[in-house]
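Presented below is the structure to which this report refers.
Please read all numbers here as calculations on a predicted model, not as lab measurements.
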Amino acid sequence: MEKYTVRRLITASLAAVTALSLVAACGDKEDGSSTADGAAATIQVGSLYEPQNLDNTAGGGQGVTEALNGNVYEGLFKLTDDGKVEPLLAKDQKVSEDGLTYTFTLQPNVKFHSGKALTSADVKASIEKVTAENSKSARKSNLEVIKSIATPDDSTVVVTLKTRSISFVYNLSYIWVINSAATDLTTKADGTGPYKLGEWKRGSTLTLTKFDGYWGTPAKNASVVFHYFTDATALNNALLTNAVDVVTSEQSPDALAQFKNNSNYKVNNGQGTTKLLLAFNDKVAPFTDVKVRQAITKAIDKKKLLTSIWGEYGTVIGSMVPPSDPWYEDLTSVNAYDPSAAASIKGLSFTLDTPSYDPHPTVATFIKSELAKVGVTVTINTISADEWYTKVYQKHDFTATLQEHVNDRDVVWYGNPDFYWGYDNKQVTAWIDRAEQASSADEQTALLKKANEQIAADAASDWLYLYPQIVVASSKLSGYPLNGLNAQFFAYGITKS
């Protein structure tokens with residue numbers, strides 16, 4: 001849902017569009033898509049994740065992050081494609097000796113797309129938008145550490161914290177700086193990024209155009225068009241027919257051979273952060289019982305599931321923490337596949353709320369089959385992405401569900417007993433709280449490893465597998481991001497020969 005950065009807090013609703021119509025719309029030179037002048041090129045991007053709306057504090061989903069983060073909107077800091085946090089709108093920062101006061105100096109001469117100059121008041125309003133009572137941002141709870149925000153002048157922001165927060169600057173990289181006077185940001189946008197919002201045709205395309213007044217390094221192309229599909233086959237067909245130039249995240253592994261064996265395309269296997277979860281509601285029977293959760297986890301052959309869907313791609317990791325996180329450990333041996341250990345749950349039954357888009361229906365059927373072997377009956381309830389967000393994430397009205405969580409460093413959500421899965425281990429919460437107040441990265445890492453190990457032992461959820469991050473692109477393209485951390489897709493460096 002900031003994703004989330006679920007697929008993503010929350011996953012975007014998908015709408016249909018055909019490859020044939022895309023060929024008609026994008027296949028000629030009039031839109032710049034095949035011009036020899038790279039700076040005048042229009043980059044055609046194919047995606048399965050259309051935004052639900054354009055506000056990342058209003059449940060916009062993975063799609064809004066993918067299209068707008070870093071492209072239309074910027075933050076004080078930026079999370080790079082290789083996982084580093086770098087200054088962006090913050091020209092300078094100073095931290096007090098006690099670690100409670102952060103003073104940021106803004107970049108000069110920054111303007112919003114509307115022409116308004118960026119001021120410290122906009123930064124203050126943007127942070128408060130994320131922490132507001134009605135905010136749906138996945139990072140809202142992480143920023144409750146803020147005590148006050150002061151704006152002594154137009155170029156200075158002073159944030160005072162209640163306690164030390166080693167992740168504070170990292171968390172700021174998720175906050176879009178918006179024009180504090182802007183309205184109706186669910187359908188409009190006013191950012192400071194290298195592109196401004198063009199036209200959004202719901203169910204079809206979203207266009208970004210180069211912003212000539214950008215304060216930083218200009219985009220290397222003239223515009224970007226995101227094309228949205230309901231299934232991976234149609235998306236791949238669009239790539240094969242040159243209706244799109246790049247697929248942000250390949251979801252049809254069976255189709256990869258046609259691109260790997262074709263010199264017109266390049267298949268890139270990046271480092272992803274998306275975990276597919278069988279999430280239990282740990283506050284609802286039978287999953288209030290840790291032994292039931294452990295038995296269910298042991299009854300499902302994750303390696304077989306991953307291979308059946310992704311073949312040689314993807315990873316079984318046994319926890320919420322991907323290898324790109326500093327506190328990663330391979331915990332696949334914890335509650336490992338052992339159906340003989342699941343005899344105690346014979347006769348159990350539960351309903352599995354399953355998002356309607358791929359690969360969830362296939363995964364749900366696999367889980368149903370696996371659990372049937374140990375005498376457990378699973379009823380699959382297929383719901384839309386919007387229904388999932390309301391029913392599961394907001395109302396916690398479920399017993400078990402499937403969902404993708406896209407964010408890195410999101411194991412900390414298991415320290416919040418009010419999160420949708422309801423996991424509540426006081427020791428884990430204490431470790432996570434202490435980790436956030438750690439005085440060094442080593443101390444933080446050690447504490448989060450302890451927390452992750454306990455979460456895995458408790459089978460708080462069943463982490464089915466880590467998605468591969470496969471970007472397939474025309475061989476004419478370069479400069480596109482490979483890892484897509486947290487579902488972001490920086491388009492400003494893309495060129496087309």
| request: Test side-chain contact (heavy atoms from CB on, under 4.5 Å) on Ile175 and Arg139 and set out the steps. | output: CA-CA 9 Å; Ile175 296 181; Arg139 296 290 160 173; over 6 Å; no
| Steps toward salt bridge (charged side-chain N to carboxylate O under 4.0 Å, His left out) verdict (Lys129, Asp55) | CA-CA 11 Å; Lys129 189 172 188 291; Asp55 187 345; 2.6 Å; yes
| task | Let me see the working for Thr351 and Asn381 under side-chain hydrogen bond (donor to acceptor under 3.5 Å, both in side chains), right down to the final yes or no. | result | CA-CA 7 Å; Thr351 297; Asn381 178 40; over 6 Å; no
| request: Check step by step if side-chain hydrogen bond (donor to acceptor under 3.5 Å, both in side chains) holds for Asn171 and Ser173. | output: CA-CA 5 Å; Asn171 289 327; Ser173 71; over 6 Å; no
| task | Starting from the C-alpha separation in whole Å, work towards a yes-or-no answer on ring pair (Phe, Tyr, Trp, His ring centres under 6.0 Å) for Phe398 and Phe287. | result | CA-CA 11 Å; Phe398 75 106; Phe287 298 118; 9.1 Å; no
| query | Are Ile367 and Leu464 close enough, and set up right, to give a side-chain contact (heavy atoms from CB on, under 4.5 Å), and what steps lead you there? | reply | CA-CA 10 Å; Ile367 290 173; Leu464 299 173; 4.0 Å; yes
| query | Under the side-chain contact (heavy atoms from CB on, under 4.5 Å) criterion, do Leu54 and Leu185 qualify, and how do the steps go? | reply | CA-CA 6 Å; Leu54 301 183; Leu185 291 177; over 6 Å; no
| task | I would like to know whether Asp408 and Ser324 meet side-chain hydrogen bond (donor to acceptor under 3.5 Å, both in side chains); could you show each step before the answer? | result | CA-CA 8 Å; Asp408 61 347; Ser324 56; 5.6 Å; no
| task | Just do the side-chain contact (heavy atoms from CB on, under 4.5 Å) check on Asn53 and Thr187 with the steps written out, would you? | result | CA-CA 6 Å; Asn53 64 68; Thr187 58; over 6 Å; no
| Residue pair Trp388, Tyr420: steps toward the ring pair (Phe, Tyr, Trp, His ring centres under 6.0 Å) verdict | CA-CA 11 Å; Trp388 188 96; Tyr420 81 88; 5.3 Å; yes
| field | side-chain hydrogen bond (donor to acceptor under 3.5 Å, both in side chains) assessment of Asn416 paired with Ser141 | value | CA-CA 9 Å; Asn416 177 9; Ser141 62; 4.5 Å; no
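Ring centroids of Trp421 and Tyr423 are separated by 6.0 Å or more, keeping the two rings apart. For an aromatic pair to be called close, the ring centres must be under 6.0 Å apart, and Tyr214 with Tyr195 fails this. With ring centers used as reference points, Tyr467 lies under 6.0 Å from Tyr465. A ring-centre distance under 6.0 Å is found for His113 and Phe211. Ring-centre distance between Tyr357 and Phe229: not below the 6.0 Å cut-off.
Annotation: Lys116, atom NZ; neighbour count of heavy atoms from other residues, nucleotides and ligands within 6.0 Å is above 12. More than 12 heavy atoms of other residues, nucleotides or ligands lie within 6.0 Å of NZ in Lys391, so this atom counts as buried by the packing criterion. Atom NZ of Lys283 sits in a crowded spot, with more than 12 heavy atoms from other residues, nucleotides or ligands closer than 6.0 Å. By the 6.0 Å contact criterion, NZ on Lys275 is enclosed, its count of non-hydrogen atoms from other residues, nucleotides or ligands being greater than 12.
Looking only at atom types and distance, the side chain of Asp184 has a donor-acceptor partner in the side chain of Thr186 under 3.5 Å away. A donor atom on one side chain and an acceptor atom on the other are found under 3.5 Å apart for Glu50 and Trp200. In this model, a donor atom of one side chain and an acceptor atom of the other lie less than 3.5 Å apart for Trp215 and Glu74. At a cut-off of 3.5 Å, with distance as the only test, a side-chain donor of Thr248 or Glu66 sits close to an acceptor on the other residue. Judged purely by distance below 3.5 Å, without hydrogens or angles, the side chains of Thr274 and Glu404 never pair a donor atom with an acceptor atom. Between Gln488 and Asn69, the side chains place a donor N or O and an acceptor N or O closer than 3.5 Å (distance only, hydrogens not considered). Judged by distance alone, the side chains of Asn242 and Gln44 never bring a donor and an acceptor atom under 3.5 Å apart. Thr399 and Asn281 share no donor-acceptor pair across their side chains, judged by distance under 3.5 Å alone. Using a 3.5 Å distance cut-off with no hydrogens or angles, the side chains of Ser356 and Thr382 do not pair a donor with an acceptor.
Taking the six-membered ring where the residue is Trp, Tyr228 and Phe226 present parallel rings, their angle staying beneath 30° rather than reaching 60°. Ring pair Tyr389/Tyr393 is tilted by interplanar angle, where 30° to 60° counts as tilted.
Taking CG of Leu106 as the start and CG of Leu76 as the end, the distance is 6.5 Å to the nearest 0.5 Å. In this structure, CG on Leu466 lies 10.0 Å from CG on Leu276, to the nearest 0.5 angstrom. Rounding to the nearest 0.5 Å places NZ of Lys78 at 7.0 Å from OG1 of Thr80. Taking CG of Asp82 as the start and CG of Leu485 as the end, the distance is 8.0 Å to the nearest 0.5 Å.
In terms of heavy-atom proximity, Leu306 sits nearest to Thr315 at CD2-N, 3.5 Å. Closest approach of Asn452 to Ser319, counting heavy atoms only: ND2-OG, 3.2 Å.
Considering only heavy atoms from C-beta on, Leu277 comes within 4.5 Å of Met320 through its side chain. Residues Gln52 and Asp386 are in side-chain contact: their nearest non-hydrogen atoms beyond the backbone lie under 4.5 Å apart. Counting heavy atoms from C-beta outward, Tyr73 and Val177 have side chains that stay 4.5 Å or more apart. Considering only heavy atoms from C-beta on, Val130 stays 4.5 Å or farther from Tyr174 through its side chain. Tyr414 has its side chain within reach of Ser461: a pair of non-hydrogen atoms, C-beta onward, lies under 4.5 Å apart. Counting heavy atoms from C-beta on, the side chains of Thr192 and Leu89 come closer than 4.5 Å. A heavy-atom distance below 4.5 Å is not found between the side chains of Tyr480 and Ile43. Proximity of Val267 to Tyr265: side-chain heavy atoms (C-beta onward) are nowhere separated by under 4.5 Å.
Counting only distance, with no hydrogens or angles, the side chain of Lys496 and the backbone of Thr42 share a donor-acceptor pair below 3.5 Å. When atom types are taken as modelled, the side chain of Ser167 and the backbone of Tyr170 share no donor-acceptor pair closer than 3.5 angstrom. A donor-acceptor pair is defined here as one N or O able to donate and one able to accept, closer than 3.5 Å; no such pair exists between the side chain of Asn71 and the backbone of Leu68.
Between Lys476 and Asp245, no side-chain nitrogen of the basic residue sits less than 4.0 Å from a carboxylate oxygen of the acidic one, so the salt-bridge criterion is not met. Looking at Arg293 and Asp458, no side-chain N of the basic residue comes within less than 4.0 Å of a carboxylate O on the acidic one, giving no salt bridge. Salt-bridge check for Lys124 with Glu128: passed, with a basic side-chain N closer than 4.0 Å to an acidic carboxylate O. Salt bridge status for Asp462 with Lys302: present, with a side-chain N to carboxylate O gap under 4.0 Å.
For the side-chain contact (heavy atoms from CB on, under 4.5 Å) with Thr354, the qualifying choice from Leu402, Val378, Thr365, Ile383 is Leu402, the only one to do so.
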